[in-house]
Amino acid sequence: MNIAFFASHRGSNMQAVIDAVNTGRLNARPCVVISNNGDSEALEKAQQSGIPNYHLSSKTHPDPGELDDEILNILEGHRTDWIVLAGYMKKLGPKVLQKYKGRIINIHPSLLPKYGGRGMYGVAVHEAVIAAGEKETGVTIHLVDEEYDHGEILAQCTVPILQDDTVESLSRRVLEREHVFLAETLERIARGEIIIEN
Ligand code: GRF
């Protein structure tokens with residue numbers, strides 16, 4: 001299972017998957033990392049791990065069709081089987097979406113369909129969860145389609161909200177859970193325990 005990662009900033013989920021591969025918890029190979037942000041920590045982390053990495057964005061390819069073509073070329077050149085969006089702030093182009101349909105997943109820090117969609121990322125998610133007085137939140141891993149946070153849900157786990165939780169403490173606890181859950185879910189996909197019907 002060759003995995004391509006897309007990440008815009010920190011890349012801690014990507015790193016957690018790389019660590020799971022390196023410690024034998026996940027039978028997969030990170031084959032390429034793509035970021036729309038040339039200064040992202042995600043690209044630095046890829047370099048440190050010796051994974052081929054590319055900055056591809058409207059800066060490098062002002063024409064969206066050409067950007068879509070180039071991303072597809074690179075994915076195919078690195079023999080990508082699965083795409084993992086791990087904090088990727090852009091939408092994928094139609095050619096990549098079509099070519100990898102049913103093999104693109106995203107991780108989101110809430111129990112979708114709650115607290116997802118445009119603008120619902122980073123602390124905004126946890127702020128909304130706390131403001132609504134929820135007793136629990138969680139992590140969702142879902143297939144990617146043309147809409148933000150919208151495709152079929154493949155796996156979810158819950159995270160309790162404690163009485164004295166702040167946005168910071170909750171963000172931290174959900175992120176820790178994400179790191180474990182993403183690698184576990186990829187391993188279940190690799191083993192064929194999660195069946196995806198195209
Ligand atoms: C994570 O919370 C993920 O669920 C969301 O964006 C964040 C990315 O964090 N899609 P990181 O870049 O993996 O540290």
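As a basis for the values below, the full set of heavy atoms in this structure was taken, side chains included, without hydrogen atoms, waters or symmetry mates. In each ligand, atom 1 is the first atom listed, and ligand 1 is the first ligand listed. Quick note: residue numbers are just sequence positions, from 1.
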Could you tabulate the donor-acceptor pairs under 3.5 Å formed by side-chain atoms of residues 79-92, not counting sequence neighbours?
unit_1: Thr80; atom_1: OG1; unit_2: Leu75; atom_2: O; d: 2.8
unit_1: Asp81; atom_1: OD2; unit_2: Asn2; atom_2: N; d: 2.7
unit_1: Lys91; atom_1: NZ; unit_2: Glu146; atom_2: O; d: 3.2

Legend entry - Note, Asp165 side chain near Arg173 side chain (heavy atom, < 4.5 Å): yes
Inset, instruction - Assess the pair His9 and Tyr121: is the distance between their ring centroids shorter than 6.0 Å? - result: no
Inset, instruction - Apply the test side-chain hydrogen bond (donor to acceptor under 3.5 Å, both in side chains) to residues His179 and Ser12: give CA-CA distance (whole Å), side-chain angles for both, the deciding distance (0.1 Å), then the verdict. - result: CA-CA 8 Å; His179 292 164; Ser12 72; 2.8 Å; yes
Legend entry - Pairs where residues 9-32 contributes a residue and the test salt bridge (Lys or Arg N to Asp or Glu O under 4.0 Å) is met, not counting sequence neighbours: none
Inset, instruction - Run through ligand 1 for me and note each protein residue having a heavy atom under 4.0 Å from it, chain first, then residue number. - result: Arg10, Gly11, Ser12, Asn13, Gly87, Ile107, His108, Pro109, Glu178
Legend entry - salt bridge (Lys or Arg N to Asp or Glu O under 4.0 Å) contacts touching residues 107-136 (sequence neighbours left out): Lys114-Glu134
